[in-house]
Number of protein chains: 2
Amino acid sequence: MALKYSRQRESIKANLMHRTDHPTADMVYDDIRKIYPNISLGTVYRNLGLLSALGEITRLATLTGADRYDGNTRPHSHFVCRKCGCVYDLPNDIPGEIMETVQKGTAHRIEECSLMFYGTCEDCREEGS
Amino acid sequence: MALKYSRQRESIKANLMHRTDHPTADMVYDDIRKIYPNISLGTVYRNLGLLSALGEITRLATLTGADRYDGNTRPHSHFVCRKCGCVYDLPNDIPGEIMETVQKGTAHRIEECSLMFYGTCEDCREEGS
DNA sequence: TTAATAATAGTAACCATTTCTGATATCTAT
DNA sequence: ATAGATATCAGAAATGGTTACTATTATTAA
């Protein structure tokens, strides 16, 4: 099943590359519809799954609702606000270091990692509470 | 809404404390049914949610299917096998250290973290592939 | 022991995601 | 260019995990 070009997939990937808000599939869908009004949500899901299987994007599992997608595949960790649900990048080099450290202490073969931090984001703090 | 004792909740918590396989809600359900044959799956979910809100257990989000629950609330990280889906503890002190480090580099208030490592577990490696 | 109310079982609803189907687009070899 | 071969699509239906609802039962405090 050789891969074939599709303008929908191209558009989905481009959309992810141009944003840093780690959207859900639904958020990508809303955006892509402006260009391809009758693209289907299933197509968005299928291509997000395909792209992450290819390693061109990253899928993030969170404790708060739907999966998120990240067009930035360089190892980095994420912050999820418990209040507004926003997902932010945490610019640091932790994943590489920590994977080495952890690999030394286990017999399982570690291939990737997901470092998620939860709390209250800057904006929500300022709004009080 | 003061908390009231319930033998179902007690049993669910005890079940989690006695196992280290980080079961899904369904796996807990299967076990508890041996004691309370007509407990409902909804009750299991409700109590797992309640217990984790109380901080008595931990909920884990993974990229591979259903959420997992952990009766061990001491900070530690986890390993998920991509092949068999098993979830293992990674005995180390990383969470505390890493949270401090990361907190220094961000304005968001970090309250907790989830460190998930993915790969192939020891058993699956031995079976080849 | 009774009254107040939290928790339950069972079921239905909900949401995110995947699967299915016939039609369409892309690609390969003429 | 054309004609298969087949990957991808849109749309809809199905699935899986989880939550919400309701009438009944269990726990608790007076």
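All values below come from the heavy atoms of this structure, side chains included, with hydrogens, waters and symmetry mates left out. Below, chains carry the letters A, B, ... as their sequence lines are ordered, and counting in each starts from 1.
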Using a cut-off of 4.0 Å on non-hydrogen atoms, how would the nucleic acid contact of [X] be classed: base, sugar-phosphate, or nothing?
{"X": "A/Tyr5", "value": "sugar-phosphate"}
{"X": "A/Leu41", "value": "base"}
{"X": "B/Asp26", "value": "nothing"}
{"X": "B/Arg46", "value": "base"}

Among [options], the nucleotide that comes nearest once only the side chain of [X] is considered:
{"X": "A/Arg7", "options": "C/dA16, C/dT26, D/dG11", "answer": "C/dT26"}
{"X": "B/Gln8", "options": "C/dA9, C/dA16, D/dA10", "answer": "C/dA9"}
{"X": "A/Arg59", "options": "C/dT26, C/dT18, C/dG10", "answer": "C/dT18"}
{"X": "B/Leu3", "options": "C/dA7, D/dA10, D/dT8", "answer": "C/dA7"}

Does any N or O in the side chain of [X] come within less than 3.5 Å of the main-chain N or O of [Y], such that one atom is a donor and the other an acceptor?
{"X": "A/Tyr118", "Y": "A/Leu63", "answer": "yes"}
{"X": "A/Asn47", "Y": "A/Thr43", "answer": "yes"}
{"X": "B/Ser52", "Y": "B/Gly49", "answer": "yes"}

Rounded to the nearest angstrom, tell me the gap between atom [atom1] in [X] and atom [atom2] in [N].
{"X": "B/Asp30", "N": "D/dG17", "atom1": "CG", "atom2": "P", "value": "12 Å"}
{"X": "A/Asn38", "N": "D/dA10", "atom1": "CG", "atom2": "P", "value": "6 Å"}
{"X": "B/Tyr45", "N": "C/dA13", "atom1": "OH", "atom2": "P", "value": "19 Å"}
{"X": "B/Leu51", "N": "C/dA7", "atom1": "CG", "atom2": "P", "value": "11 Å"}
{"X": "B/Asn47", "N": "D/dA20", "atom1": "CG", "atom2": "C1'", "value": "15 Å"}
{"X": "B/Leu48", "N": "D/dG17", "atom1": "CG", "atom2": "P", "value": "14 Å"}
{"X": "B/Arg9", "N": "D/dT28", "atom1": "CZ", "atom2": "C1'", "value": "13 Å"}
{"X": "B/Ile39", "N": "D/dT25", "atom1": "CD1", "atom2": "P", "value": "17 Å"}

> Taking OP1 and OP2 of C/dG10, is either one under 4.0 Å from a side-chain nitrogen or oxygen of B/Ser40?
Replying inline: no

>> Quick check: on DNA chain D, is the nucleotide nearest B/Gly65 upstream (toward 5') of the one nearest B/Ser6, or the reverse? Name the residue that is more 5'.
In response: B/Gly65

> What distance do B/Asp67 atom CG and B/Thr24 atom OG1 have between them, rounded to the nearest 0.5 Å?
Replying inline: 9.5 Å

> For the residue pair A/Phe79 and B/His108, does the interplanar ring angle fall in the parallel (under 30°), tilted (30 to 60°) or perpendicular (over 60°) class?
Replying inline: parallel

> Taking for each residue the nucleotide of DNA chain C bearing the nearest heavy atom, is the 5' side occupied by B/Lys4 or by B/Tyr36?
Replying inline: B/Lys4

